[in-house]
There are 2 protein chains.
Amino acid sequence: MKSSKPIAGRYLGYREADRAAPYARFFNPELAPLAPHVCAALDRGGVPDILLPDIDQATTNLFGGEAVLEDGFVLTSDGGMRVSVRSAMPSVTPAMVDWWFGWHGDAASKYKLWHPQAHVHVGWRETPPAGASGRVLYVGQTSIVDEYIGSDLIRGAIRFVPPATLGFTDKSLDDDQQATIICAQIGLGDAPIDIGYLAHHVRAVPGGSEMRSRFWMGGRHVAGRNLIGGMAAVVAKRVLSVTESDARALLVHCAQEMPHLASFLPELFGEFKDAE
Amino acid sequence: MKSSKPIAGRYLGYREADRAAPYARFFNPELAPLAPHVCAALDRGGVPDILLPDIDQATTNLFGGEAVLEDGFVLTSDGGMRVSVRSAMPSVTPAMVDWWFGWHGDAASKYKLWHPQAHVHVGWRETPPAGASGRVLYVGQTSIVDEYIGSDLIRGAIRFVPPATLGFTDKSLDDDQQATIICAQIGLGDAPIDIGYLAHHVRAVPGGSEMRSRFWMGGRHVAGRNLIGGMAAVVAKRVLSVTESDARALLVHCAQEMPHLASFLPELFGEFKDAE
């Protein structure tokens, strides 16, 4: 992964202007320690690729009857990586997470709540439509994010797609009180190049929810979004070869931001779920 | 970082001759496990560079009012690294640490007490003057050390400088009962090339002291100490590009030697503080 330079006026953390936001009290600069199962995955290091299957087997991996490896990373032979991580989300419902993905995307000061030590900026590529109760319908929309993954500042384009696009048609997803799955294609923010996919499956468990995250990045998932992008992707496939540091950093990032989100989401949702 | 070959007569650990030293009973070959906050920093991996600011913001980082990241590492875009680590030092006073930095530098068997699994040799480049009560005035002096950092045997030149040289003029440093800061420029032992800086801030806390260590190494901090060194530095900037392994190894080394020092320093100080 390549680092971008920070843009003037974009910065990490809250400043005076951010503190005026009505939700500012939910900004907590401190992250909880990584969960023991995450540290175990980091200590274990890379796993056999078949334990973290590629996206074409994502349905079986997430919704099959077999126990699967829930936390880990692997560098794939085509220069890409796959990362899986679980996050406990006590007191959170799947519906709250769905609401969050629509709500946070129009203001950096909202986005920063999620990861106070990595999130720099967010904006929708095009203003999304509003649904019932003013909810933002994020599926089909693209969120442009500036965030640190480890030490690298990345400008990413997160294009949220319908779960069925990735083959997720599990019946449990029909009722968003019991489960939801957030799916996106991840691209570069500054070039018409896609670099991978993510899925966050959230299901109700006793006491709250559990999120199971999957990332399929780089390698064969690098593709151009148009003719110029296609030509650039040929180059990008060589340049964007990921390293173990990238895989570890992505795992850590997700394992930090999702429990952090869970720490304030129930209260934030209670207060802002009907607000614009 | 490049490895040096061990020199004949220089070795790791204590041998028969070392055991005759009057302080030999303080040699403990076992290190305590790394502190949980150190393991957390290693698991987390590299962080955004602005969370571990460069040396020109060291004063704000160490003495500012804001909470800062106390344990972590980052590889900088110029090929260098920054490392921060905290060490609990129960029963230690800042004055004891100051005494240690003067006392240990004239004998390998003293230096080895500090890190029994990494310290090989030490000697002053020029014999330092003695102060009151036979104390060695180490500021302004250069300690030539052979030590392993991770798997690499390094010959370093630690040139202790007045704290004001690095901009540290905090009032709390005036009274060495409450705080001290050890500052040094780090160079290669065998070539007139400087490679970075360190600062160890030690402040009294309930039950003892806390050390906050900062290292700014490589990249823009590589410089020649004379004309030949200047020419060599141009080459060194390319050759000495640091890796994540270097950053992790430096963090671990400091996180081992400082708590180990704390484990025997109060008793050693009590017995030898007035000895030559």
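In what follows, every chain begins at residue 1, and chains take the letters A, B, ... in the order their sequences are listed. Computed from a prediction, not measured in an experiment: that's the story for all the values here.
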(request) Heavy atoms only: give me the nearest A:Ser151-B:Val47 pair and the separation to one decimal. (result) OG-O, 2.7 Å
(request) Measure the CG-OH distance between B:Leu51 and A:Tyr148 for me, rounded to the nearest 0.5 Å. (result) 7.5 Å
(request) Quick one: which of A:Asp43, A:Val38, A:Leu42, A:Leu251 has the most heavy-atom pairs under 4.5 Å with chain B, could you say? (result) A:Leu42
(message) I need the minimum non-hydrogen distance between A:Gln117 and B:Pro48, along with the two atoms involved.
(response) O-CG, 3.5 Å
